[in-house]
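Reading through the structure tokens given below for one structure.
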Amino acid sequence: MSVAPAAAHGRPTRWRAGVGRVVAGGTLLTAVAFLPWLSGTDPALTVLRARSAEQDPTPAQLSALRERLGLDEGPLAHLAAWLDGLAHGDAGTSWVSGEPVLPEVTNAFAVSVTLMLGALTVTVAVAALVCARTLHLGSRRRLRQGRAGTGAAVLAALPKFLLASLLATVCGVWLGWFPSQGWAGPRSMVLPALALGVPSGAMIGGLLDQSLPAAFHEPWARTWRANGLPSGRIARTALRRALSGVLPQLLPTVVALVGGAVAVEKIFNIPGLGRLALEAAIAQDLPPLQTATLALVLLGVCAGLVIQAVRRALLGPALRDGALPALHPPTLPRPRSLPWIVGFCALALLTLVVAGLLRDPLLVDTTARLLPPSAAHPLGTDSLGRDLLARLGHGALRTAGVALTVTVVSALAGLLIGTATQVGAGLTEVVSTLPAVLAGLLTTAVTGPSVWGAACAVCLVAWTPYAAQTAALLEQERASGHMLASISFGAGRSYLLRHHLLPAVLPALVRNALLRLPTTVLVLASLGFLGLGEQPPTPEWGRLLSENQPYVELAPWTVLGPALALVLLSVLAVSGTAIGRPAGRRR
């Protein structure tokens, strides 16, 4: 891990970020080009079935299509031809529809960017609500107690596709406030933006809420307050200081919604880029898939550059001059209710799991389909008459184990990549917009459908939030005056690593990982639902949500049990860490 101060990481090494972007983008496009040949199925057969699902192609038809598409030439020849056409403004024609690719991708990209901007607005609003109390009390020096962050954990654990289904049913169908289907104007954007922005805003707000007390604890805040400066000015300055460390999370959290909002786009029937890329990948329709992937890469790079510029503007010359004060949280007593919250969540989750383990999760009773909760079935039954409590209990260990493993591996990978600030920045920008579903298709083509294949696919993309966070926090720590003072007194790399860099990164990284734990469960479930991960009838919480999502309006209890379990797991993880970590450090 590099421990050099920020001054040593200036303009001379910025070319490394460009190298990282080019290498990552080229590798991704090459991997996409190999997808039809890695899948183990005949691309000509897949394309013909995508054109007509009822068609049973003959060998002569398959041979003719291979010759027409040039499939025998191999993936590299196709990639070179596509790049050559792209240089002349031609992205090719779809293998399935025969239509030009560029207009289709351009329209989908415009829809997805518009939806992303709407989700970003909701994200900012929810994040402001989450940290409003800390901002108000801290600016008036009345912050007397720490926060567990349980409210943010509950909102962050809400499955986006479940929230989308509820909003479409209640606000779209029942109340008729907004359109529940299609993309016909600004009103069509409201419900999907809420479904995407509320969990993202809770995650960003929870991270910001944990950073603000340290900003209010800096000497300038006490001095300004003693001199009678307005509390509003103090609040804005503290927000600016804390926001610089959280801002990089907007790249993987919000910008990734362009490519990763497939489920929400399907529920609201939105012709977005993520949906287009998924359908092209499943049909092995290479030209639109490559063009959509390139659009996502360019978006990630541009958004990363903008976020980096805004962050440096927030920090000002202190970042360049190595005069940035380090953020150290104050010693604040924890809420008295925190142990009770942890105990309640642990007891409720344990009760659900143990009660479910005593039942048969695979017993099918078609006469008991979609029964509401009762004494015989406390959480009701699913569409096949299987007991939901039993499936919830038997899927607990597998769900938590795989999700925790993926989270730990992703956090460690993000920590390592984030330390390579320049090269890692370019790599993070490119990978952050890669949909996990597309990564799952690439991984499954090599490993075959399995739960660990899906886990590897999620690990390929899930490290980006941690890398962005690590790079931002390390850059600030290297620019702090106390670290430069330690270096001037002869402190070695090992000392700086133990006493400065890791303490500045690890607490925030752990909390970020715990807030994202339910999201990991849901991403794994989406891969399993598409046949790329955990296969039925294995019980798994995310799969329970995916399987029962179509029955939300008819039988809402089919999703309430798994959703409640995810919320309990999230609150337990975040609150338990709040109890286990030190209350703060005094300087």
Side-chain angles (χ1 to χ4, degrees), residues 1 20 24 27-28 31 156-157 203 207 248-249 251-253 256 260 395-421 423-474 497 501-502 505-528 532-534 538 540-543 566 569-570 572-574 576-577 580:
M1 180 182 288
T27 303
L28 178 57
M203 188 174 301
L207 296 173
Q249 294 298 299
L251 178 63
T253 301
L397 185 59
R398 196 175 187 88
T399 300
V402 176
L404 187 60
T405 301
V406 170
T407 300
V408 171
V409 172
S410 301
L412 290 176
L415 179 64
L416 294 175
I417 296 173
T419 58
T421 309
V423 177
L427 185 63
T428 302
E429 291 166 2
V430 171
V431 179
S432 63
T433 51
L434 176 65
V437 172
L438 181 55
L441 288 169
L442 292 171
T443 304
T444 304
V446 179
T447 65
S450 66
V451 62
W452 293 112
C456 291
V458 177
C459 288
L460 285 177
V461 297
W463 57 266
T464 55
Y466 312 116
Q469 184 179 36
T470 298
L473 294 177
L474 285 180
L497 184 64
L501 298 181
L502 288 180
V505 171
L506 289 181
L509 192 72
V510 169
R511 180 166 185 87
N512 192 5
L514 293 173
L515 274 173
R516 293 181 182 275
L517 186 61
T519 303
T520 303
V521 174
L522 296 173
V523 174
L524 288 167
S526 66
L527 296 179
L532 305 176
E534 187 73 87
T538 305
E540 194 268 337
W541 291 357
R543 171 166 283 280
L566 277 179
L569 179 64
S570 179
L572 182 61
V574 172
T577 304

What one should report as the nearest heavy-atom pair of A472 and P248 is CB-CG, 3.5 Å
Look at the side chain of S570 and the backbone N and O of L566, then say whether any donor-acceptor pair between them is shorter than 3.5 Å. no
For A24, which residues count as a side chain to side chain contact (heavy atoms under 4.5 Å, CB included) partner, sequence neighbours excluded? L427, V430
When rounded to the nearest 0.5 angstrom, what is the spacing between OH in Y466 and CD1 in I417? 13.0 Å
Considering the options T419, V510, L474, which one meets the side-chain contact (heavy atoms from CB on, under 4.5 Å) requirement together with V505? L474
Among residues at least two apart in sequence or on other chains, which ones pass side chain to side chain contact (heavy atoms under 4.5 Å, CB included) with A31? L442
Can you sort out the partners of L569 under side chain to side chain contact (heavy atoms under 4.5 Å, CB included), two or more places apart, ordered by chain and number? L349, L517, W541
Qualifying residues under side chain to side chain contact (heavy atoms under 4.5 Å, CB included), relative to C459, sequence neighbours excluded: V406, V409, S410
Would you check if T428 and W463 make a side-chain contact, meaning some heavy-atom pair closer than 4.5 Å? yes
Do T520 and V402 have side chains that get closer than 4.5 Å, going by heavy atoms? no
Which pair of non-hydrogen atoms, one from A156 and one from M203, has the smallest distance, and what is that distance? CB-N, 4.2 Å
So, the side chain of Q249 versus the backbone of P465: is there a donor-acceptor pair under 3.5 Å, distance only? yes
Over all atoms of both residues, closest heavy-atom pair of T470 and G414: OG1-O, 4.0 Å
